[in-house]
Amino acid sequence: MIVKDSEKASHISRGLVLLMATVCGFTVANVYLNQTLLVSMSTSFHVSAASIGIIATLAQIGYALGNLLIVPLGDIFERKKMILFLLFAICIVLALNALSINKTWMMVTSLVLGIVTVVPQIIVPLAANIASDHSRGKVLGNVAIGLVCGILGARLVSGFIDVHFGWRMVYWTSAVATLFMILLVYVYFPRSKGGNATSYKHLLMSLGPLFIKERVLQKACVSQGMMFASFSAFWTTLVFLLHTHPYSYGSDMVGVIGLVGIAGAFATPIIGRLIDTKGAKFASLLCMSVSLLAFIGLIRGGYGLPGLILGALLITVGTQANQVACQFTIFQLGEEKRSRLSGLYMVSTFLGGSLGSYMGLLAWSKWEWHGVCAIAILMIVISCCSLISINIPKKTIGNFTNKKGSNM
């Protein structure tokens with residue numbers, strides 16, 4: 001079956017939605033597998049913890065580049081073939097990661113892995129294309145949950161495998177899982193071809209002027225970029241905190257705490273009801289304030305497991321809420337340019353994530369956990385200031401949020 005962008009399918013099965021969410025989760029996880037492995041990698045390559053942190057940063061920079069350079073191709077080429085090609089490329093790069101003999105090798109392969117791991121940002125438009133009008137928001141929301149579960153679940157799986165089998169086995173396991181995903185995509189994914197006849201060069205050349213023109217897009221990019229930066233600073237440095245006194249835990253404990261963070265992915269319906277009554281800006285600022293207070297509490301509470309777990313949950317919820325509001329505002333700017341708007345938005349989000357990883361590790365190397373919390377607090381304050389200046393319609397966004405959910 002070939003589904004054109006101009007056509008609207010009447011039905012999309014729950015099984016296909018689940019498969020799309022699963023593929024999204026498995027692929028985006030590859031960007032975050034390294035965050036719980038940094039300590040083990042630093043030991044293998046005989047480098048400092050602060051030095052090895054560049055690997056996490058490069059993976060997210062690569063993901064941002066992939067969103068900028070590869071995702072727009074979904075408006076030109078057949079998406080199923082693109083997904084299969086990228087999944088095959090992911091398998092090869094994962095194997096190269098597992099075979100790394102030094103930090104430089106790992107830096108290069110991590111950057112490339114991030115570039116080719118943009119499969120979720122191709123699946124989401126595919127899901128929107130084959131869903132009917134009345135179910136599109138629900139479908140996109142369910143597919144997007146896979147992204148959050150993949151981001152946080154990666155830490156659980158990679159940490160467990162690292163402790164018991166070593167960090168290289170994490171990449172071999174992911175490569176085998178990706179091969180299985182290739183088979184499922186080949187058998188069950190429908191074909192889809194966009195109707196945009198614009199050249200790839202024209203698409204890329206239009207991104208800069210679009211970003212300069214749309215002030216709402218600029219503010220939304222800064223807001224979510226900074227929120228995701230604080231999110232990444234927390235999760236990237238958590239493994240170092242848990243290896244020190246008073247914890248002395250292994251990498252697998254980061255994954256266990258990540259399970260608590262996954263619960264935050266399912267807070268969208270609650271946030272949606274708050275948006276219905278008080279407005280999106282109020283709900284988002286409230287949740288961002290909760291995230292801010294969480295980091296303030298973590299300055300001291302981070303040295304106790306209950307406080308650390310509570311902080312992980314609140315930080316995830318705060319980032320999730322801001323994601324909903326910012327995405328809605330940019331989608332209001334015009335249907336004909338949503339792919340480019342979404343691409344620019346995701347670039348800024350993951351550039352923010354890479355900045356957060358880098359700044360978090362830098363703060364840890366100089367001031368340890370107190371420094372991480374301080375830099376995260378600063379990032380959230382910047383995000384709040386940017387969001388305050390965005391005008392978000394109160395009623396419309398509430399209805400949208402209940403349908404769509406998150407797309408992080």
Side-chain angles (χ1 to χ4, degrees), residues 1-32 71 74 77-91 94 116-154 156-157 173-194 258-259 262-269 272 320 323-324 327 338-339 342 400-408:
M1 177 180 68
I2 299 178
V3 182
K4 294 185 178 180
D5 287 343
S6 58
E7 299 173 349
K8 296 179 180 179
S10 60
H11 176 72
I12 176 171
S13 69
R14 292 182 179 179
L16 180 56
V17 173
L18 178 61
L19 177 58
M20 287 180 166
T22 301
V23 176
C24 284
F26 268 92
T27 51
V28 78
N30 291 318
V31 180
Y32 300 91
V71 171
F77 298 114
E78 201 275 303
R79 291 191 178 103
K80 181 177 178 179
K81 289 182 179 179
M82 282 189 64
I83 293 169
L84 288 171
F85 176 81
L86 289 172
L87 288 173
F88 182 72
I90 289 170
C91 282
L94 284 169
V116 298
T117 303
V118 292
V119 169
Q121 304 311 321
I122 299 173
I123 290 179
V124 170
L126 176 61
N129 184 46
I130 62 179
S132 60
D133 289 340
H134 70 274
S135 66
R136 183 168 292 115
K138 180 180 178 181
V139 168
L140 291 177
N142 288 335
V143 171
I145 287 176
L147 284 170
V148 183
C149 292
I151 291 171
L152 296 176
L156 175 66
V157 176
T173 302
S174 185
V176 173
T178 304
L179 286 174
F180 186 58
M181 292 296 109
I182 291 175
L183 177 62
L184 292 176
V185 168
Y186 179 78
V187 174
Y188 294 108
F189 267 38
R191 290 194 295 157
S192 175
K193 184 173 180 63
L259 286 178
I262 289 176
F266 298 91
T268 304
Q320 193 84 346
Q323 179 81 4
V324 172
Q327 278 195 314
R338 282 179 180 170
S339 293
S342 181
F400 173 85
T401 305
N402 286 335
K403 292 181 180 179
K404 180 173 177 57
S406 168
N407 206 14
M408 181 164 60

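Gly150 and Ala29 make their closest contact through O-CB, 3.5 Å (heavy atoms, listed as atom of the first residue, atom of the second, distance).
In this structure, CD on Gln121 lies 9.0 Å from OG1 on Thr27, to the nearest 0.5 angstrom. Between the CE atom of Met20 and the OH atom of Tyr188 there is a distance of 14.0 Å, given to the nearest 0.5 Å. Rounding to the nearest 0.5 Å gives a distance of 11.5 Å between CG of Leu184 and CG of Leu179. Rounded to the nearest 0.5 angstrom, Arg191 CZ and Arg79 CZ are separated by 14.0 Å. The CD1 atom of Ile83 lies 11.5 Å from the CD1 atom of Ile182; values are rounded to the nearest 0.5 Å. Between atom CZ of residue Phe189 and atom CG of residue Leu84 there is a gap of 9.0 Å, rounded to the nearest 0.5 Å.
Side-chain contact between Val176 and Cys91: absent, with no pair of heavy atoms (C-beta onward) separated by less than 4.5 Å. Inter-residue side-chain proximity for Leu18 and Ser13 is flagged as unmet; no heavy-atom pair is nearer than 4.5 Å.
If you run side chain to side chain contact (heavy atoms under 4.5 Å, CB included) between Val119 and each of Thr117, Ile122, Val116, Ile123, only Ile123 comes through.
By the 6.0 Å and 45° rule, Lys80 does not stack over the aromatic ring of Phe85.
Atom CZ of Phe26 sits in a sparse spot, with 12 or fewer heavy atoms from other residues, nucleotides or ligands closer than 6.0 Å.
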